[in-house]
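Every heavy atom of this structure was used, including side-chain atoms; hydrogens, water molecules and symmetry mates were not. Sequence lines set the chain letters: A, B, ... in the order given, protein chains first and strands last, and positions in each chain run from 1. Remember, predicted model here, so these are calculated numbers, not experimental data.
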2 protein chains.
Amino acid sequence: MKEKNKARVAISKSHGSQKRRGRRVRADAQRNLDTLLRSAMEVFAVSGVDAPVRQIAEKAGVGIGTVYRHFPQRSDLIVAVFRREVDACANAAGLLAAEYRPGEALARWMQRYVDFISAKRGLAAALYSGDPAYDTVPFYFRKRLRPALQTLLEAAAAAGEVRAGVEPDDLLRAVSSLCAPAGHNSDPAQARRMVALLADGLRYGARPSRKHSSS
Amino acid sequence: MKEKNKARVAISKSHGSQKRRGRRVRADAQRNLDTLLRSAMEVFAVSGVDAPVRQIAEKAGVGIGTVYRHFPQRSDLIVAVFRREVDACANAAGLLAAEYRPGEALARWMQRYVDFISAKRGLAAALYSGDPAYDTVPFYFRKRLRPALQTLLEAAAAAGEVRAGVEPDDLLRAVSSLCAPAGHNSDPAQARRMVALLADGLRYGARPSRKHSSS
DNA sequence: ATTGTATACGGAACATTGTTCCGTTTGCAA
DNA sequence: TTGCAAACGGAACAATGTTCCGTATACAAT
């Protein structure tokens, strides 16, 4: 078997699937799964989600059988990559909140979200294809992103940097609408500007809180 | 060769392609082309635009080679069907204008447009796939539909049945947006209601014309 | 360290579908 | 009636998703 990577396997996955007292997931399997997801993400970004499975397998340095062992259907791979990126975007909220002041963190996260949506334009077509394999994706999407944004919003509102009472769902949909639709020509720069404008709109009408000593 | 259809071929296509004094398009070719488009339309409606070419050929009662003679690429067939339905929708404007009063004609056409957009949800995925084969479709779409709607709008405005100054493009986009987006669950009835509301919105603020004796 | 085995791997083989090619058939003008 | 360009049908090819199974290996038990 391949021995390309000596990195310690932390078994960080908390799937809780390893049966008590049973064998752990084999290290090479975990490693291949990670490699596969990463390779698939890159290939999808370059060639779109219609890229051949063989190409992904080759890039990851594994056999086709291995791909299908981890992802019985091609769509499973796509969904897994999507979820992974949704997770990354959601996690970015916490990181930004730790590093920047609430208002700044919010604004930066929104741009991060724009990047995410823009990069996933290829996936959008698959999502709208009507294939039931993707039915759960929007649910996961909202479930993961809404709390992240809500936390940012509340923190920024508490700090008096944005107005209160803004619905996370509204904001998520507004941004994705700004990034996506207009026919066939999507200008990323334009999307970015529109979203920046939206962020400024949030700031407008902010009411400095009393619980927070104003500077 | 097949001889399943005795219907007179009117050669109504005004492609202007038959060379002066040259051979006319063979009758069976024209007949097969019509049959193909009709079969494709039906198959697409049932199985989506990803339906196998073989299935369409079978339904039309022709060989695969014949399909590819008329439509070198699969996407050519899809585009042809789409254009045919766009034409039908655009032509409906004239028919409705002849049969109903301006305001009624406008309202009915908008519902007709809703039907068209809703039925074409399957095509939307293909259109957004990024395949350059579909690049010209939106252009044709607007080129054909905008004048049709504009005529209806102006007639209705002149009759004092709707307000003036409404942009056809805005209306087209608004309706398609109402029909399409919301995640994964599109409720046709809801779309219909929303569009009806929109139509009422047009009526609001209508200024009865002086040139037209009010009832 | 050795060993047994459940686990995972690799890739050939298969199934489906888009596309090409070419021998055969046929509409139609002379 | 006849000649042939146009059109046809479908076998063959190519690309790609998916399955299957013999082989390799990580790892727990000893």
Side-chain angles (χ1 to χ4, degrees), chain A residues 1-9 11 17-36 40 43-44 47-79 126 129 131 133, chain B residues 1-9 11 17-36 40 43-44 47-79 126 129 131 133:
Chain A
M1 188 151 292
K2 305 299 176 55
E3 189 50 43
K4 56 179 64 166
N5 192 343
K6 275 191 130 55
R8 192 75 51 174
V9 176
I11 308 198
S17 58
Q18 69 261 38
K19 292 178 174 55
R20 175 179 35 184
R21 198 78 205 111
R23 261 184 170 86
R24 295 204 311 278
V25 174
R26 263 170 60 166
D28 58 340
Q30 181 66 47
R31 201 185 323 126
N32 275 332
L33 191 144
D34 288 346
T35 306
L36 263 178
V43 171
F44 287 161
S47 310
V49 291
D50 287 336
V53 173
R54 284 170 176 75
Q55 186 179 340
I56 295 167
E58 186 182 19
K59 176 149 198 156
V62 304
I64 304 173
T66 300
V67 179
Y68 276 89
R69 161 165 290 269
H70 289 295
F71 307 99
Q73 306 261 331
R74 173 195 167 67
S75 58
D76 294 330
L77 216 195
I78 296 175
V79 169
S129 68
D131 187 328
Chain B
M1 190 154 295
K2 303 302 176 53
E3 188 52 40
K4 58 179 60 166
N5 191 344
K6 276 190 129 57
R8 194 73 52 170
V9 176
I11 308 200
S17 57
Q18 69 261 38
K19 290 177 177 56
R20 173 181 35 182
R21 200 73 207 112
R23 261 184 167 87
R24 295 205 310 280
V25 174
R26 263 169 60 165
D28 58 339
Q30 181 67 45
R31 201 184 324 126
N32 276 330
L33 192 144
D34 288 347
T35 306
L36 262 178
V43 171
F44 287 160
S47 309
V49 291
D50 287 336
V53 172
R54 283 170 177 74
Q55 185 179 342
I56 295 167
E58 187 182 18
K59 175 149 198 157
V62 303
I64 304 173
T66 300
V67 179
Y68 277 90
R69 161 166 289 269
H70 289 296
F71 307 101
Q73 306 260 331
R74 175 195 167 67
S75 58
D76 294 331
L77 215 196
I78 295 176
V79 169
S129 68
D131 187 327

*Asks:* Please report, rounded to the nearest Å, how far the P atom of dC8(D) is from the CG atom of L33(B).
*Replies:* 9 Å

*Asks:* Return the value, rounded to whole Å, for the distance between atom CG of L36(A) and atom P of dA8(C).
*Replies:* 14 Å

*Asks:* Would you tell me if any nitrogen or oxygen in the side chain of T66(B) comes within less than 4.0 Å of OP1 or OP2 on dA7(D)?
*Replies:* no

*Asks:* What is the distance from CD1 of I78(A) to P of dT18(D), rounded to the nearest Å?
*Replies:* 10 Å

*Asks:* Tell me the interatomic distance from I56(A), atom CD1, to dG17(D), atom C1', rounded to whole angstroms.
*Replies:* 12 Å

*Asks:* To the nearest Å, how far apart are D76(A) CG and dT19(D) P?
*Replies:* 11 Å

*Asks:* Side-chain N or O of H70(B) less than 4.0 angstrom from OP1 or OP2 on dA7(D)?
*Replies:* no

*Asks:* Do any side-chain nitrogens or oxygens of Q73(A) fall under 4.0 Å of OP1 or OP2 in dT18(D)?
*Replies:* yes

*Asks:* Ignoring backbone atoms, test whether N32(A) places a side-chain nitrogen or oxygen under 4.0 Å from the OP1 or OP2 oxygen of dA8(C).
*Replies:* no

*Asks:* On a heavy-atom basis, which atom in S47(B) and which in Q55(B) lie closest, and how many Å separate them?
*Replies:* OG-NE2, 3.7 Å

*Asks:* Of the listed nucleotides (dG9(D), dG10(D), dC27(D)), which one gets closest to any side-chain atom of I64(B)?
*Replies:* dG10(D)

*Asks:* Per the atom types in the model, does the base of dA8(C) pair as donor or acceptor with the side chain of R26(A) at under 3.5 Å?
*Replies:* no

*Asks:* Looking at dA8(C), dG27(C), dG17(D), which one has an atom nearest to any side-chain atom of Y68(A)?
*Replies:* dG17(D)

*Asks:* Take atom CZ of R31(B) and atom C1' of dA6(D), then tell me their distance rounded to the nearest Å.
*Replies:* 14 Å

*Asks:* Quick one: does D76(A)'s side chain have a donor or acceptor within less than 3.5 Å of a partner on Q73(A)'s backbone?
*Replies:* yes

*Asks:* If you only use heavy atoms from C-beta on, which nucleotide in dG17(D), dT19(C), dA8(C) is closest to the side chain of D28(A)?
*Replies:* dA8(C)

*Asks:* Could you check A51(A) against R69(A) and say which one's nearest nucleotide on DNA chain D is further toward the 5' end?
*Replies:* A51(A)

*Asks:* Decide yes or no for V53(A) and Y68(A): does some side-chain heavy atom of the first lie under 4.5 Å from some side-chain heavy atom of the second?
*Replies:* yes

*Asks:* If you check the R54(A) side chain, which of dT18(D), dA26(D), dC8(D) turns out closest?
*Replies:* dT18(D)

*Asks:* Would you kindly give the CD-to-P distance between E58(B) and dG18(C), to the nearest whole Å?
*Replies:* 14 Å

*Asks:* Closer than 3.5 angstrom, by distance alone: can the side chain of T35(A) be matched with the main-chain N or O of R31(A) as a donor-acceptor pair?
*Replies:* yes

*Asks:* With a cut-off of 6.0 Å (strictly less than), are more than 12 heavy atoms of other residues, nucleotides or ligands near CD of E58(A)?
*Replies:* no

